[in-house]
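Each ligand, and each atom within it, is numbered from 1 in the order the structure gives. Sequential numbering from 1 along the given sequence is applied to the chain's residues.
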Amino acid sequence: MALPNHGANAHHVYERLGIEMPEKIMDFSENVNPLGPPAFVMERWSTYAELITKYPDPAGEPFLSAAAKYHDVSVSNIIVGNGAAELFASIAKRYENKRVVLIHPTFSEYAATLAPYHVYIKEIIAIGQLPLEEVFDEIEFAEAIYICRPNNPTGYLIPLEEIIQIVRYAKRYKCEVILDEAFLDFIDEKESFIPYLKDFPNVVVVRSMTKMYAIPGLRLGYAVGSEAFIKDIRSRLSHWNSNAIATTIGADCLQEEEYRIQAITFAKEMREGFSDFLEKWHCIVLPSTTNFLCFQLPDHARSKAFFDYLLAKGCVLRHTENFKGLDGKWFRVGMKEKAQMEHLQREMTTWFEENLSS
Ligand SMILES: Cc1ncc(COP(=O)(O)O)c(C=O)c1O
């Protein structure tokens, strides 16, 4: 039976593989900030109760204005979504019966949301650096190209200069660019494309609040782009699409500068420590810029045995069976708290000692 297409909800992996789920598991397959939501969320929790008795603001206030201020853009250039995932679902309809370029391995929701609309998908495979000439060639004939920056699952960050080159080329050929910056918060706002949007009405940037602020259960995301692009995305969303608790908490999350710096520093520290550990065991590690990384065993023929062993021990990695170009030979690991990273390394060491000659 096929493994799930997403990380998190680990019980599905156990069910599909017929492996008994241990009472305690550590889920490295999901990749939200391991430090949890900002402290104010729990401190003010009781104050959110009254929000459920009223309809939320249909435009997503107070989050809409907070996000506009955060990025120094007008509210007419932003649309608030019930998670970034909802916005991809709306964007996809724009490309009904058209040609779209996807660069794999990447987030599976691009293809999933395009699927109902008979979109012809041209796939480019690039684990790291982009084959720019191929990208340019495809842009000439495409209605849109989706780019995940930094990329999920590899953590690769296409240099900003390259993105500018791509969108410029795309503009010339009337190709739209869907730029997914869901994990950009873990790098630096200076890397965002949002300040350049003014010159590129063919680009929309999609952002998620659920990764950095560890609120995937609340659902909150947004897109920034030209007024016309934003209006079109809105036209396919339901009224009151975002909930009042998410938009209230989300607005305050954007104030949390210190929290963000701490999360970025922590993710870097965990990622570097884990990379060193993997390299010591001769694994191949993809250099990541965000809060997860991908690695391959020195002998990828042992990948399934390794994955199943860790599942039995309660450590859930993200398989890569559904990521084109990675094809199950790699694993993605979301950074967790120090104690959990150490626990994973102990379990992995046991398997390595029994199965790899160092
Ligand atoms: C690259 C990427 N973009 C967008 C999303 C969706 O984020 P949200 O939780 O805001 O719907 C995800 C979720 O895993 C993701 O990995």
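- For ligand 1, one of its N or O atoms has an N or O atom of D180 under 3.5 Å away.
- In M209, neither the side chain nor the backbone holds a heavy atom less than 4.0 Å from any atom of ligand 1.
- A side-chain N or O of Y259 and one of N33 form a donor-acceptor pair less than 3.5 Å apart.
- Figure legend: R332 and F292 shown as a cation-pi pair, the cationic atom lying under 6.0 angstrom from the six-membered ring centre and within 45 degrees of its axis.
- A donor-acceptor pair shorter than 3.5 Å can be found between the side chains of R260 and Y213.
- Nearest-residue assignment for atom 16 (O) of ligand 1 (options L184, T290, L218, N152; heavy-atom criterion): N152.
- Close approach of ligand 1 to G83 is summarised as follows: ligand atoms under 4.0 Å from at least one heavy atom of the residue are 10 (O), 11 (O).
- By the 3.5 Å distance cut-off applied to N or O atoms, A84 is counted among the residues near ligand 1.
- Defined by atom type and a distance below 3.5 Å, a donor-acceptor pair is missing between the side-chain atoms of Y110 and H104.
- Atoms of ligand 1 lying under 4.0 Å from at least one heavy atom of T210, given by number and element, are 8 (P), 9 (O), 10 (O).
- Taking any N or O of C148, backbone or side chain, none lies under 3.5 Å from an N or O belonging to ligand 1.
- By the side-chain contact (heavy atoms from CB on, under 4.5 Å) test, I19 is found to be paired with Y14, L17, D308, L311, residues two or more places apart in sequence or in another chain being considered.
- Side-chain contact check for N291 and R271: no donor-acceptor pair (N or O, by modelled atom type) lies under 3.5 Å.
- The shortest heavy-atom contact between K338 and F266 is N-CZ, 3.9 Å.
- Taking a 4.0 Å cut-off on heavy atoms, A85 registers as neighbouring ligand 1.
- Of all the heavy atoms of E109, none lies under 4.0 Å from any atom of ligand 1, so neither backbone nor side chain is involved.
- Taking every non-hydrogen atom of R219 and a distance limit under 4.0 Å, the qualifying atoms of ligand 1 come out as 8 (P), 9 (O), 11 (O).
- Note: no N/O pair closer than 3.5 Å links N31 and ligand 1 by distance alone.
- With ligand atoms numbered from 1 in the order given, ligand 1 contributes 2 (C), 3 (N), 4 (C) to contacts under 4.0 Å with heavy atoms of A182.
- Minimum heavy-atom separation, N243 to R219: ND2-O, 4.5 Å.
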